[in-house]
Amino acid sequence: MAKLNILHYPDARLRTVARPIAVVDDRIRQLAKDMAETMYDAPGIGLAATQVNVHERIIVVDVSDDQSDLRVLINPSVIKLDDHTKVYQEGCLSVPGVYDEVERPDRVLVQALNLQGEPIQFEADGLLSVCIQHEIDHLDGKVFVDYLSRLKQGRIQTKLQKEARQKAVL
Ligand code: GNR
Ligand code: NI
């Protein structure tokens, strides 16, 4: 088991588009374990491989409050089930200390492979739906701040670059 290092916005590596996973083998199962450990340790409710500088399409999600509902999704995709949207206050382990509102489709059909390489699908809404969409965005090189105004994006960049510089001189 290993805790992995999380990249911070505006790191250019967060812009990498992840490639599909062709074979779900022990390497992928170990990566999933390490990602889950990293997510729980943070703590967070989701983590995409992109955030730990692995550019393959795998995410881990657990929106329970007692670590009882871990989902590992390989090559995940969502299909919007209706036009109803919801606004959530989002945060991101790659954008620490920043929270802002993002509007997304509420009810989605999630399709993916599980850790045995078998196709699975389920419906999601509420926080689970938000989290899975947020994680798939990471796999596509997107971060939630991309949905905010240019003014806010600039302020967030300045704040995080300042924090990174402070950390470097400590
Ligand atoms: O821990 C997280 N919380 C969260 C809250 C609202 C919407 C999305 C998220 S995902 C985030 C963890 C993370 O950065 N995943 O990429
Ligand atoms: Ni995130």
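Small disclaimer: the values here were computed from a predicted structure and weren't measured. Numbering of ligands and ligand atoms starts at 1, following listing order. Just so you know, residue 1 is the first one in the sequence shown, and it goes up from there.
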Starting from the N and O atoms of ligand 1, find every protein N or O within less than 3.5 Å and list the pair with its distance.
| from | atom 1 | to | atom 2 | distance (Å) |
| --- | --- | --- | --- | --- |
| ligand 1 | 1 (O) | Ile45 | N | 3.0 |
| ligand 1 | 14 (O) | Gln51 | NE2 | 3.3 |
| ligand 1 | 14 (O) | Leu93 | N | 2.8 |
| ligand 1 | 15 (N) | Gly46 | O | 3.2 |
| ligand 1 | 15 (N) | Glu135 | OE1 | 3.2 |
| ligand 1 | 15 (N) | Glu135 | OE2 | 2.7 |
| ligand 1 | 16 (O) | Gln51 | OE1 | 2.8 |
| ligand 1 | 16 (O) | Gln51 | NE2 | 3.3 |
| ligand 1 | 16 (O) | His134 | NE2 | 3.2 |
| ligand 1 | 16 (O) | Glu135 | OE1 | 2.6 |
| ligand 1 | 16 (O) | Glu135 | OE2 | 3.1 |
| ligand 1 | 16 (O) | His138 | NE2 | 2.9 |

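A salt bridge is defined here as a Lys NZ or Arg NE, NH1 or NH2 lying under 4.0 Å from an Asp or Glu carboxylate O, and Lys33 with Glu37 fails to meet this definition. For Arg71 and Glu135, the salt-bridge test fails: no basic side-chain N is under 4.0 Å from an acidic carboxylate O.
In this structure, the side chains of Asp100 and Ile156 stay at 4.5 Å or more apart for every pair of heavy atoms.
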- request: Dump the intermediate steps for salt bridge (Lys or Arg N to Asp or Glu O under 4.0 Å) on Glu163 and Lys159, then the final yes or no.
  value: CA-CA 6 Å; Glu163 283 167 8; Lys159 174 176 139 80; 3.4 Å; yes
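Among the candidates Ile132, Ile136, Val61, the single residue satisfying the side chain to side chain contact (heavy atoms under 4.5 Å, CB included) test with Val110 is Ile132. The side chain to side chain contact (heavy atoms under 4.5 Å, CB included) test with Asp125 singles out one residue from Lys86, Arg107, His84, and that residue is Arg107.
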